[in-house]
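Report on the structure given below.
Just so it is clear, the structure is predicted and the values come from calculations on it, not from any experiment.
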Amino acid sequence: MTGVEWLVTIGGFALSIFVGWFFWFSKKEGTSASLSEEGIQEIFMTVKGGYTPDLVLVKVGKPVKIHVTRKETAACSELLMIPDFELSKKLPQNEMVTFEFVPKQIGEFDFSCQMGMYRGKIVVSD
């Protein structure tokens, strides 16, 4: 192999390692819910190619409202499910839909679209 071929091979290998680390091993910072005057934890989420934010941080025992606005037409984003809280709602395009619940235990709880292509996590702490 020539020097250029070696550089391309090493560069491709390094890029593959970086992509794997970025998507599977890098620690994401979550978005903490803001506390309203009424003591309700609120998060505003957008759906466009995925959930933003996709890592939501809330406190145990306090009511939570997650306001979701879908800004795309993809069929996968038509439904948002939070199975551990027994919540599931259709998301009409460009309309805000609110999910309300009170987390009763500390832990990590997944949410996703009906096909599991869009995913996120709610982290409940004390």
Side-chain angles (χ1 to χ4, degrees):
M1 280 203 294
T2 67
V4 172
E5 290 171 332
W6 274 107
L7 284 175
V8 170
T9 301
I10 291 169
F13 184 69
L15 184 60
S16 297
I17 290 172
F18 173 75
V19 168
W21 169 81
F22 183 80
F23 285 105
W24 293 296
F25 300 111
S26 67
K27 185 166 179 126
K28 291 183 180 180
E29 290 192 26
T31 301
S32 295
S34 60
L35 197 58
S36 71
E37 291 180 11
E38 299 83 25
I40 298 171
Q41 303 176 88
E42 292 188 280
I43 285 280
F44 291 85
M45 182 182 297
T46 302
V47 183
K48 187 172 183 178
Y51 301 114
T52 305
D54 62 354
L55 182 57
V56 176
L57 309 174
V58 298
K59 301 291 183 186
V60 68
K62 295 184 179 177
V64 175
K65 286 186 179 181
I66 300 177
H67 306 285
V68 183
T69 304
R70 178 175 162 238
K71 295 188 175 188
E72 67 176 6
T73 59
C76 185
S77 64
E78 291 178 344
L79 186 73
L80 175 61
M81 303 182 312
I82 312 173
D84 292 310
F85 297 106
E86 298 179 1
L87 296 171
S88 177
K89 291 188 180 186
K90 288 190 176 214
L91 304 175
Q93 188 177 6
N94 297 317
E95 289 182 34
M96 187 180 296
V97 175
T98 300
F99 291 79
E100 298 182 50
F101 60 95
V102 178
K104 298 187 189 301
Q105 63 183 19
I106 293 171
E108 296 183 358
F109 306 94
D110 295 326
F111 60 89
S112 69
C113 66
Q114 69 270 22
M115 293 186 258
M117 293 175 65
Y118 293 176
R119 292 183 241 176
K121 189 173 298 234
I122 299 168
V123 177
V124 181
S125 63
D126 57 355

Transitively linked via ILVMFWY side-chain contacts under 4.5 Å: I82 with V56? yes

Nearest atoms (heavy-atom pairs only) where I43 meets P53: CG2-CG, 4.3 Å

When rounded to the nearest 0.5 angstrom, what distance separates CG in L91 from NZ in K71? 13.0 Å

Side-chain hydrophobic cluster, 4.5 Å single linkage: members besides F44: M96

Applying side-chain contact (heavy atoms from CB on, under 4.5 Å), name anything that partners L79, two or more places apart in sequence or on another chain. M81, S88, K90, Q114

I'd like to know if V58 and V60 are part of one continuous hydrophobic network [Ile/Leu/Val/Met/Phe/Trp/Tyr, side-chain heavy atoms within less than 4.5 Å]. yes

Which of D54, T31, I66 passes side chain to side chain contact (heavy atoms under 4.5 Å, CB included) with M45? Answer is I66

Does atom CD (E86) have a neighbourhood of more than 12 heavy atoms from anything else shown, all under 6.0 Å? no

Among all residues two or more places apart in sequence or in another chain, which pass the side-chain contact (heavy atoms from CB on, under 4.5 Å) test with E38? S36, I40

Validation row: S77, Y118 side chains within 4.5 angstrom (heavy atoms): yes

Once side chain to side chain donor-acceptor pair (under 3.5 Å) is applied, do any residues pair with T98, and if so which ones, sequence neighbours excluded? H67

Partners passing side chain to side chain donor-acceptor pair (under 3.5 Å) against Y51 (at least two apart in sequence or in another chain): none

Backbone N or O of T69 within a donor-acceptor pair of the E95 side chain at under 3.5 Å? no

Would you tell me whether S34 and E42 have side-chain atoms, one donor and one acceptor, within less than 3.5 Å of each other? no

Under 4.5 Å between any side-chain heavy atoms of D110 and P83, yes or no? no

What are the two closest heavy atoms between P103 and V64, and how far apart are they? CD-CG2, 3.7 Å

Atom CD1 in I10, atom CD in E5: separation rounded to 0.5 Å? 12.0 Å

Run the side-chain contact (heavy atoms from CB on, under 4.5 Å) test against Q93 and tell me which residues pass, sequence neighbours left out. R70, T73

Search all heavy atoms of G39 against all heavy atoms of K62 and return the closest pair with its distance. O-CB, 4.5 Å

Residues in side-chain contact (heavy atoms from CB on, under 4.5 Å) with T52, at least two apart? none

Same apolar cluster (I L V M F W Y, side chains within < 4.5 Å links), V68/L87: yes

Is the terminal nitrogen or CZ of K89 (NZ for Lys, CZ for Arg) located under 6.0 angstrom from the six-membered ring centre of F99 and within 45° of that ring's axis? yes

For residues 119-126, tabulate all N or O donor-acceptor pairs below 3.5 Å that involve a side-chain atom, not counting sequence neighbours.
| from | atom 1 | to | atom 2 | distance (Å) |
| --- | --- | --- | --- | --- |
| R119 | NE | G116 | O | 2.9 |
| K121 | NZ | E108 | OE1 | 3.4 |

With rounding to the nearest 0.5 angstrom, report the NZ to CD1 distance, K59 to I106. 9.0 Å

Does any part of the side chain of C113, heavy atoms only, come nearer than 4.5 Å to the side chain of L80, both counted from C-beta? no

The reported gap from CD in E100 to NZ in K65 (rounded to nearest 0.5 angstrom) is 4.5 Å

Please identify each residue that fulfils ring pair (Phe, Tyr, Trp, His ring centres under 6.0 Å) with F85, with sequence neighbours left out. F101, F109

